[in-house]
Visitor: 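Quick one: structure below, then a few questions.
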Amino acid sequence: MELELKPLRLPSDNERPFVIAGPCSAETEEQVMTTARQLAMKGCHNFRAGVWKPRTKPGGFEGNGEAALPWMRQVKEETGMLVTTEVATPEHVELCLKYGIDILWIGARTSANPFAMQAIADSLKGVDIPVFVKNPVNPDLELWIGALERINQAGIKKLGAIHRGFSSYDKKIYRNMPMWQIPIELRRRIPDLPIICDPSHIGGRRELIAPLCQQAMDLGFDGLIVESHCDPDKAWSDAKQQVTPDVLDYILSLLVIRDEKITTEGISQLRKQIDELDNDLMELLAKRMRVCREIGQYKKEHNMTVLQPTRYNEILNKRGAQGALCGMDDEFVKVVFEAVHQESVRQQMEIINK
């Protein structure tokens, strides 16, 4: 279904992208107000802080709850910034509305649970408030869209998405793998939906925030939500991924914002070349699949199994090395040939089972 959306017009600096900034957690009134004042002095218009902070494991700081909401209201009254926090239950929504929170966001663990999303959606009926929905912890675009649809069907038209990356057992550079292709596909499917990037949760380390912010801008994201703390090293949660307001201001000052409105006439010939090469790729893939079907017929006649692990590993290793020599990322090459192999197996299974 198509989402029924209204323009999400929130305060921003014309020279910078739309930014929501503030600490991971609202720890104390002093910490909240100090950070908010510093961010306001740097021109920030939208303040965030976690009021409820359920952690992966029990025992850590899980937020001050309702006690922190008057601090958020004080931020709004003193600095003029809009204030936003995460909600995970209908009770959270009710309290946020009571204390005048301007924007709500729904976290990754909640967006992965359709029951929780429906409960929150029901609590938002009749309310006119901007809501951002983070991607689920697992890379499931349909689940993300479903979460957005539930909120939209409740009557929320000022809707946005937050890309915070996806959990992975195999931790490499990032805390959460960006998997940029998923928000890119979300943009293709719902072009009018604002999408902002959460570099703090993707990176998990403050030194990764700047390059992730720039990458998000290069991909045409509509804004950023960044964790900023007056004293990050002493933060009660997610200390390693927070930056001071001064550092955040510096990161934002260095961002190069691409102009989406510039005509593409200058690259039309190059795009024509891409189209021709894509046609060549499709023809080559079709030829490859014809050979695969012939192999499938041979395997059927000689009572062989479809899957030949030794051969599969040989293809991945050989093409991965070849891709590296051609300047391509080995993970990219692996994903491509895994997909090609999967389709080859499917076609051979059809031959064998006829």
Visitor: For Asn64 and Ala68, indicate whether the former's side chain and the latter's backbone hold a donor-acceptor pair under 3.5 Å.
Guide: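 No; judged by distance alone, with no hydrogens or angles, the pair does not exist.
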Visitor: Using 30° and 60° as the class limits, which term best fits the ring planes of His302 and Tyr298: parallel, tilted or perpendicular?
Guide: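 Judged by the thresholds at 30° and 60°, the geometry between His302 and Tyr298 is parallel.
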Visitor: What I want to check is whether the side chains of Arg319 and Gln322 have a donor and an acceptor closer together than 3.5 Å.
Guide: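 The criterion, which ignores hydrogens and geometry beyond distance, is satisfied for Gln322 and Arg319.
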Visitor: Rounded to the nearest 0.5 Å, how far apart are CD of Gln38 and OG of Ser228?
Guide: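 Atom-to-atom, Gln38:CD and Ser228:OG are 8.0 Å apart.
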Visitor: If we ignore hydrogens and angles and just use 3.5 Å, is the side chain of Thr305 paired with the main-chain N or O of Leu307 as donor and acceptor?
Guide: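 At least one qualifying donor-acceptor pair exists.
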Visitor: Heavy atoms only: give me the nearest Ala21-Leu248 pair and the separation to one decimal.
Guide: CB-CD2, 3.5 Å
Visitor: If you look at every heavy atom in Leu8 and Leu159, which pair is closest and at what distance?
Guide: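 Closest pair (atom of Leu8, atom of Leu159, distance): CD2-O, 4.0 Å.
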Visitor: Should Phe18 and Asp222 count as side-chain neighbours, where that means a heavy-atom distance under 4.5 Å?
Guide: no
Visitor: Looking at side-chain heavy atoms only, is the closest gap between His45 and Val19 below 4.5 Å?
Guide: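 No; the side chains remain at least 4.5 Å from each other.
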Visitor: Please check: side-chain N/O of Asn46 versus main-chain N/O of Met81, any donor-acceptor pairing under 3.5 Å?
Guide: no
Visitor: Dump the intermediate steps for side chain to side chain contact (heavy atoms under 4.5 Å, CB included) on Ser168 and Met177, then the final yes or no.
Guide: CA-CA 7 Å; Ser168 170; Met177 297 301 294; 3.8 Å; yes
Visitor: Please lay out, stage by stage, how Lys6 and Asp128 fare under the test salt bridge (Lys or Arg N to Asp or Glu O under 4.0 Å).
Guide: CA-CA 11 Å; Lys6 289 182 179 178; Asp128 183 18; 5.4 Å; no
Visitor: Given side chain to side chain contact (heavy atoms under 4.5 Å, CB included), test Val131 with Val87 step by step and report yes or no.
Guide: CA-CA 10 Å; Val131 178; Val87 293; over 6 Å; no
Visitor: Got a donor-acceptor contact below 3.5 angstrom from the Thr84 side chain to the Ile103 backbone?
Guide: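 Indeed, once roles are kept as given, a pair shorter than 3.5 Å links the two residues.
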Visitor: Between Asp122 and Gln118, do the side chains contain a donor N or O and an acceptor N or O under 3.5 Å apart?
Guide: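 Yes, because at least one side-chain N or O of Gln118 sits under 3.5 Å from a partner of the opposite role on Asp122.
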Visitor: How close do Ile106 and Ile151 get, heavy atom to heavy atom, and via which atoms?
Guide: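 Heavy atoms only, the tightest pair is CD1-CD1, 3.8 Å.
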Visitor: Side-chain heavy atoms under 4.5 angstrom apart, residues restricted to Ile, Leu, Val, Met, Phe, Trp, Tyr: same cluster for Met328 and Ile315?
Guide: yes
Visitor: Salt bridge check, Glu294 against Arg290: does any charged N sit closer than 4.0 Å to a carboxylate O?
Guide: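 The answer is no: the pair does not qualify as a salt bridge.
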Visitor: A side-chain contact here means heavy atoms from C-beta on lying under 4.5 Å apart; do Glu338 and His341 qualify?
Guide: no
Visitor: Got a donor-acceptor contact below 3.5 angstrom from the Thr35 side chain to the Cys230 backbone?
Guide: yes
Visitor: Work out which heavy atom in Met72 is nearest to a heavy atom in Ala49; give both atom names and the distance.
Guide: SD-CB, 3.8 Å
Visitor: Check for a donor-acceptor pair, side chain of Arg48 on one end and backbone N or O of Cys24 on the other, with a separation under 3.5 Å.
Guide: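 Pair found, side chain donor or acceptor close to backbone of Cys24.
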Visitor: Using a strict cut-off of less than 4.0 Å between a Lys/Arg side-chain nitrogen and an Asp/Glu carboxylate oxygen, indicate whether Glu142 and Arg189 qualify as a salt bridge.
Guide: yes
Visitor: Does a side-chain heavy-atom distance below 4.5 Å link Asp102 with Pro130?
Guide: no
Visitor: Quick check against the 3.5 Å criterion: does Gln214 have a side-chain atom that pairs as donor or acceptor with the backbone of Val256?
Guide: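 It does hold such a pair.
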Visitor: For the residue pair Leu104 and Cys96, establish whether any side-chain heavy-atom pair is separated by less than 4.5 Å.
Guide: yes
Visitor: Which distance, rounded to the nearest 0.5 Å, do you find between the OH of Tyr312 and the OG of Ser344?
Guide: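 Answer rounded to 0.5 Å: 10.0 Å.
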Visitor: For the aromatic rings, using the six-membered ring if either is Trp, is the centroid distance between Phe61 and Trp236 under 6.0 Å?
Guide: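 Phe61 vs Trp236: aromatic centres under 6.0 Å.
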Visitor: Should Pro194 and Phe221 count as side-chain neighbours, where that means a heavy-atom distance under 4.5 Å?
Guide: no
Visitor: Can you list the steps and then say if Glu227 with Arg206 is a side chain to side chain contact (heavy atoms under 4.5 Å, CB included)?
Guide: CA-CA 9 Å; Glu227 291 188 350; Arg206 59 179 65 107; over 6 Å; no
Visitor: Is Asp329 salt-bridged to Lys334, going by a charged N under 4.0 Å from an acidic O?
Guide: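 Not counted as a salt bridge, because no side-chain N and carboxylate O are separated by less than 4.0 Å.
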Visitor: Under a plain distance cut-off of 3.5 Å, with no hydrogens placed, do Gln273 and Gln269 share a side-chain donor-acceptor pair?
Guide: no
Visitor: Before you tell me yes or no, could you show the steps for Val75 and Trp71 under side chain to side chain contact (heavy atoms under 4.5 Å, CB included), namely the whole-Å CA-CA distance, both residues' side-chain angles and the distance that decides it to 0.1 Å?
Guide: CA-CA 6 Å; Val75 168; Trp71 310 338; 5.7 Å; no
Visitor: Could you tell me if Gln242 and Asp238 have a donor-acceptor pair between their side chains, going purely by distance under 3.5 Å?
Guide: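 Judged by distance alone, the side chains do not pair up.
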Visitor: Determine whether a donor-acceptor pair (N or O, by modelled atom type, separation under 3.5 Å) exists between the side chain of Asp330 and the backbone of Ala324.
Guide: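 No.
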Visitor: For salt bridge (Lys or Arg N to Asp or Glu O under 4.0 Å), just list the numbers for Arg37 and Glu78, CA-CA rounded to whole Å, side-chain angles, deciding distance to a tenth of an Å, and then say yes or no.
Guide: CA-CA 9 Å; Arg37 291 174 186 130; Glu78 181 177 320; 2.6 Å; yes
Visitor: Nearest 0.5 Å, what's the CD-CD distance between Glu350 and Gln348?
Guide: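 The CD atom of Gln348 is 11.0 Å from CD of Glu350, to the nearest 0.5 Å.
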Visitor: As a test of understanding, state which of Leu212, Ile209, Leu255, Ile162 forms a side chain to side chain contact (heavy atoms under 4.5 Å, CB included) with Leu224.
Guide: Leu255
Visitor: Establish, from distance only, whether the side-chain atoms of Glu27 and Ser25 form a donor-acceptor pair under 3.5 Å.
Guide: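 Note: Glu27 and Ser25 side chains miss the donor-acceptor criterion.
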Visitor: Taking all non-hydrogen atoms of both residues, which atom of Val51 and which atom of Glu66 are closest, and how far apart?
Guide: CG1-N, 4.4 Å
Visitor: With side chains defined as the heavy atoms from C-beta onward, is the minimum distance between Lys76 and Phe47 less than 4.5 Å?
Guide: no
Visitor: Please report the shortest heavy-atom distance between Lys134 and Asp198, naming the atom on each side.
Guide: NZ-OD2, 2.9 Å
Visitor: Where the side chain of Lys299 meets the backbone of Val306, is there a donor-acceptor pair that is under 3.5 Å apart?
Guide: yes
Visitor: Would the distance check show the side chain of Asn353 and the main-chain N or O of Met349 forming a donor-acceptor pair, the cut-off being under 3.5 Å?
Guide: yes
Visitor: More than 12 foreign heavy atoms under 6.0 Å from CD of Glu301: is that the case here?
Guide: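 For Glu301, atom CD is crowded (more than 12 foreign heavy atoms under 6.0 Å).
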Visitor: Can Leu143 be reached from Ile184 by stepping across I, L, V, M, F, W or Y side chains whose heavy atoms are under 4.5 Å apart?
Guide: no
Visitor: So, do Asp231 and Thr34 sit near enough that their side-chain heavy atoms are less than 4.5 Å apart?
Guide: no
Visitor: Above 12 or not: heavy atoms from other molecules or residues under 6.0 Å from CD of Glu94?
Guide: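 Open: at most 12 neighbouring heavy atoms sit under 6.0 Å from CD of Glu94.
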Visitor: Is the Phe166 ring parallel, tilted or perpendicular to the Trp144 ring (thresholds 30°, 60°)?
Guide: perpendicular
